[in-house]
Amino acid sequence: MKFMLIRRADASTENGTLPSQDMLAAMAAYNERMIKAGVLVSGNGLRPTSDGCLVRFENGSPTIIPGPLSPPSERMAGYSVLEAPTLEEAIHWAQQWPAMDADGNVTLELRRYFSLEDFEPGDGLEQHRHHARIPDEMNVYVAFPGTCREAMQFYADVTGGHLECLMTYAETPAAEHTPPALHDHIIHASLNLRGRRLMGADMDPEKYMAPQGVHVQLEYQDKEQASNTFARLADGGEITMPFEATFWSPGFGMATDRFGIHWMVNVSSENCPLATEGDVP
């Protein structure tokens, strides 16, 4: 079941008061516990309603009501999306909200998402089921000739992602059918990057084939962070295209790291228009 945990606004959040470093650390630790438990899907804080508006429709005509909006107690200051098997489990995590937030005087609202099974069958529902064909995730899986552990730990350090799994052959039933020399090698690794995963495993070195024709692509909004990430990935490897401005991005680079994995690091941009009718395919 999917739930939204809503942090109601108050006078402080509506004034735009930013959380202290201690509060940021407490919230990060709270999120980290939920990530490791497989509960946290996503979460964001919201700027004050003075930076937003209401769009109210009357007889189909919209009216824009600029912020600030009142009362604050009926507004959202932020939210987390949780995946939990029951309401009770979601409540369990909601009760662990950092106590230092607003000196312990916070109102949280927990709401369950609708699922398609909640609705009566019909043509309208079938249109939504059509959308459901899109996978929940699309992840990248890469192979290594025995360097998976070192590589994934390096990628976790470079990206700040959560290394949620490093499982050896010896820890699975596959050990019975695997040469002893591979028992301490990795059969499955998973690095969580904001809900998207870079996965990997070690292959028998005699059967390993270096990747060709595929890159792992990382995208950033901050050019300096993108440049730093590119430099670390390229260190000890080979640069295919230096990180620099291009016609589509303020910063882009291509490199193969020291483990043989190909990377693209890109700064997001609006300079990539969709094809229009009449364009040559």
Side-chain angles (χ1 to χ4, degrees), residues 1-10 13-14 19 23-24 26-49 51-58 60 62 64-65 67 69-99 101-102 104-140 160-162 164-165 190-199 219 221 268:
M1 300 178 186
K2 188 177 289 186
F3 298 86
M4 179 175 284
L5 180 61
I6 301 166
R7 200 284 198 186
R8 291 281 188 84
D10 53 34
T13 62
E14 280 294 272
M23 181 60 216
L24 288 173
M27 198 69 200
Y30 174 57
N31 288 342
E32 181 76 9
R33 293 197 303 274
M34 292 197 290
I35 289 172
K36 290 181 177 179
V39 173
L40 183 65
V41 177
S42 64
N44 286 288
L46 300 175
R47 296 182 67 88
T49 60
D51 289 345
C53 65
L54 286 180
V55 182
R56 178 172 293 162
F57 285 82
E58 295 183 6
I64 308 301
I65 303 172
L69 308 173
S70 62
S73 60
E74 296 183 3
R75 310 301 170 189
M76 292 173 56
Y79 65 92
S80 299
V81 178
L82 313 182
E83 187 76 47
T86 63
L87 173 62
E88 289 71 26
E89 178 73 9
I91 291 173
H92 166 75
W93 286 102
Q95 289 175 323
Q96 298 183 48
W97 189 269
D101 188 11
N105 299 295
V106 168
T107 299
L108 302 178
E109 180 179 348
L110 193 60
R111 301 281 297 276
R112 181 182 169 188
Y113 280 64
F114 276 112
S115 66
L116 295 182
E117 288 70 26
D118 293 322
F119 298 92
E120 293 292 330
D123 292 341
L125 181 62
E126 287 308 308
Q127 294 180 46
H128 287 276
R129 290 196 183 280
H130 176 78
H131 296 159
R133 293 189 307 167
I134 302 173
D136 292 331
E137 297 183 18
M138 186 182 73
N139 300 312
V140 178
H162 170 52
E164 57 191 3
C165 182
S190 179
L191 176 64
N192 190 322
L193 301 170
R194 299 183 185 271
R196 297 173 177 84
R197 288 170 173 82
L198 176 64
M199 301 179 180
E219 185 144 332
Q221 294 184 4
S268 58

For a 4.5 angstrom cut-off between non-hydrogen side-chain atoms, does V55 reach I64? yes
Could you check whether any side-chain N or O of [X] sits under 3.5 Å from a backbone N or O of [Y], counting only pairs where one atom can act as donor and the other as acceptor?
X	Y	result
R194	N192	no
E14	T49	yes
E83	L40	no
Y30	W93	yes

Task: Pair H92-Q96, side-chain donor/acceptor within less than 3.5 Å - done: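 Short answer, yes.
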Between S190 and E164: side-chain donor-acceptor atoms closer than 3.5 Å: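 Side-chain D/A pair, S190 to E164: present.
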At what distance, to the nearest 0.5 angstrom, does [atom1] of [X] lie from [atom2] of [Y]?
X	Y	atom1	atom2	result
R7	M27	CZ	CE	9.0 Å
N31	H162	CG	NE2	12.0 Å
L193	N139	CG	CG	9.5 Å
M1	R112	CE	CZ	4.0 Å

[X] and [Y]: which non-hydrogen atoms are nearest, and at how many Å?
X	Y	result
A84	F3	O-CE1, 3.8 Å
Y113	D118	O-OD2, 4.4 Å
L24	P19	CD2-CG, 3.6 Å
D10	A102	OD2-CB, 4.1 Å
L82	V41	C-CG2, 4.2 Å
A26	P98	O-CG, 3.8 Å

- Task: Mind checking side chain to side chain contact (heavy atoms under 4.5 Å, CB included) for L116 and listing every partner two or more places apart, or none if nothing turns up?
- Result: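 Here the qualifying residues are L125, H128, R129, A132.
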Hits for salt bridge (Lys or Arg N to Asp or Glu O under 4.0 Å) against E109, two or more places apart or cross-chain, chain-then-number order -> R8, R111
Margin query: Evaluate S73 against T107 for side-chain contact (heavy atoms from CB on, under 4.5 Å), listing each step before the verdict.
Written below: CA-CA 8 Å; S73 60; T107 299; over 6 Å; no
What do you reckon, is [atom1] of [X] surrounded by more than 12 foreign heavy atoms closer than 6.0 Å?
X	atom1	value
Q221	CD	no
R196	CZ	no
E58	CD	no

Practice task
Could you label the plane-to-plane angle of the F114 and F119 rings as parallel, tilted or perpendicular, counting under 30° as parallel and over 60° as perpendicular?
Solution key: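 Correct class here is tilted.
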